[in-house]
Enquirer: 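Could you have a look at this structure, given as structure tokens, before my questions?
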Amino acid sequence: MLKKGTKLFSILKMRCPKCNKGRFYESHPYNLKKIGEVKKECNNCNLKYDMEPGFFQGSYYVSYGLGVALFVAIFVLKMLILPDLAYLSTLILMVVVLLILAPLLFALSKIIWINLFVSFDNTYF
């Protein structure tokens with residue numbers, strides 16, 4: 001399931017969606033000095049990542065969806081594991097988890113967004 005040539009491989013490994021070899025980000029998502037900095041192009045297949053001005057603005061919608069999914073997952077887990085936990089405590093838990101995972105969600109949103117528009121090319125495999 002997680003093999004080269006799949007969108008899931010590109011997203012989870014944060015690799016180029018076209019060749020699955022080149023790195024997509026300048027650094028790790030938790031390197032706060034370079035947070036969210038996408039490379040200009042793939043060093044393997046030369047795919048230009050920023051295809052047009054403002055291309056990654058659409059990733060905001062993906063980020064919103066990931067945030068909502070995270071909140072729903074936390075709430076469901078709370079209801080299953082700690083049903084007596086107060087709602088204020090649940091809200092605080094959600095905010096803390098969101099703050100911890102924000103750089104990762106930000107990085108995932110961009111790589112998911114570009115994977116919607118670029119397909120894997122077997123010639124680079």
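Just the heavy atoms: all of them, side chains too, but no hydrogens, waters or symmetry mates, feed the values below. Keep in mind the model is a prediction, meaning the values are calculated, not measured.
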Enquirer: List the atom of K78, the atom of Y87, and the distance in Å for their closest heavy-atom pair.
Expert: NZ-CE2, 4.4 Å

Enquirer: Just so I know, are the side chains of L70 and L66 near enough to count as touching, which here means a heavy-atom distance under 4.5 Å?
Expert: no

Enquirer: Under 4.5 Å between any side-chain heavy atoms of M94 and T90, yes or no?
Expert: yes

Enquirer: If you group Ile, Leu, Val, Met, Phe, Trp and Tyr by side-chain heavy-atom gaps below 4.5 Å, do M51 and I11 land in one group?
Expert: yes

Enquirer: Is there a path of hydrophobic side-chain contacts, each under 4.5 Å between heavy atoms, that joins L101 and F106?
Expert: no

Enquirer: Do the side chains of K40 and K48 get nearer than 4.5 Å, heavy atoms only?
Expert: no

Enquirer: What heavy-atom pair brings P103 and Y30 nearest, and what distance separates the two atoms?
Expert: CG-CE2, 3.7 Å

Enquirer: Supply the atom-to-atom distance L93 CG to L88 CG, rounded to the nearest 0.5 angstrom.
Expert: 11.5 Å

Enquirer: I need the Y60 OH to W113 CH2 distance, nearest 0.5 Å.
Expert: 11.5 Å

Enquirer: Hey, are the side chains of K110 and V62 touching, using non-hydrogen atoms and a 4.5 Å cut-off?
Expert: no

Enquirer: Is the NZ atom of K7 crowded by more than 12 outside heavy atoms at less than 6.0 Å?
Expert: yes

Enquirer: Measure the acute angle between the ring planes of F117 and F55, then classify it against the limits of 30° and 60° as parallel, tilted or perpendicular.
Expert: perpendicular

Enquirer: Is there a path from F71 to L99 through hydrophobic residues (I, L, V, M, F, W, Y) whose side chains come within less than 4.5 Å of each other?
Expert: no

Enquirer: On a heavy-atom basis, which atom in C19 and which in N44 lie closest, and how many Å separate them?
Expert: SG-ND2, 3.3 Å

Enquirer: To the nearest 0.5 Å, how far apart are CZ in R15 and NZ in K4?
Expert: 7.5 Å

Enquirer: Just verifying a value: how many Å separate D84 CG and S89 OG, rounded to the nearest 0.5 Å?
Expert: 11.5 Å

Enquirer: How close do N115 and S10 get, heavy atom to heavy atom, and via which atoms?
Expert: ND2-OG, 3.1 Å

Enquirer: With sequence neighbours excluded, tell me which residues meet side chain to side chain contact (heavy atoms under 4.5 Å, CB included) with E41.
Expert: N46

Enquirer: Over all heavy atoms of both residues, which pair between C16 and Y49 is shortest? Give the atoms and the distance, please.
Expert: CB-OH, 3.2 Å

Enquirer: If you round to the nearest 0.5 Å, how far is CG of L91 from CZ of F75?
Expert: 11.0 Å

Enquirer: As an exercise, state the distance from CD1 of I81 to CD1 of I74, rounded to the nearest 0.5 Å.
Expert: 11.5 Å

Enquirer: Could you state whether L104 and F56 fall into the same hydrophobic cluster, counting links through intermediate Ile, Leu, Val, Met, Phe, Trp or Tyr residues with side-chain heavy atoms under 4.5 angstrom apart?
Expert: yes

Enquirer: Identify, with sequence neighbours excluded, every residue that meets side-chain hydrogen bond (donor to acceptor under 3.5 Å, both in side chains) alongside S27.
Expert: N31

Enquirer: Considering non-hydrogen atoms only, spot the tightest contact between R23 and K39 and give its length.
Expert: O-CD, 3.4 Å

Enquirer: Name the one of L116, I112, I111 that satisfies side-chain contact (heavy atoms from CB on, under 4.5 Å) with I114?
Expert: I111

Enquirer: Under a single-linkage definition using a 4.5 Å side-chain heavy-atom cutoff for Ile, Leu, Val, Met, Phe, Trp and Tyr, are L77 and L82 assigned to the same hydrophobic cluster?
Expert: yes

Enquirer: Show the numbers, then the answer: is there a side chain to side chain contact (heavy atoms under 4.5 Å, CB included) between F120 and T6?
Expert: CA-CA 7 Å; F120 179 72; T6 63; over 6 Å; no

Enquirer: Are the side chain of Y25 and the backbone of A107 linked by a donor-acceptor contact shorter than 3.5 Å?
Expert: yes

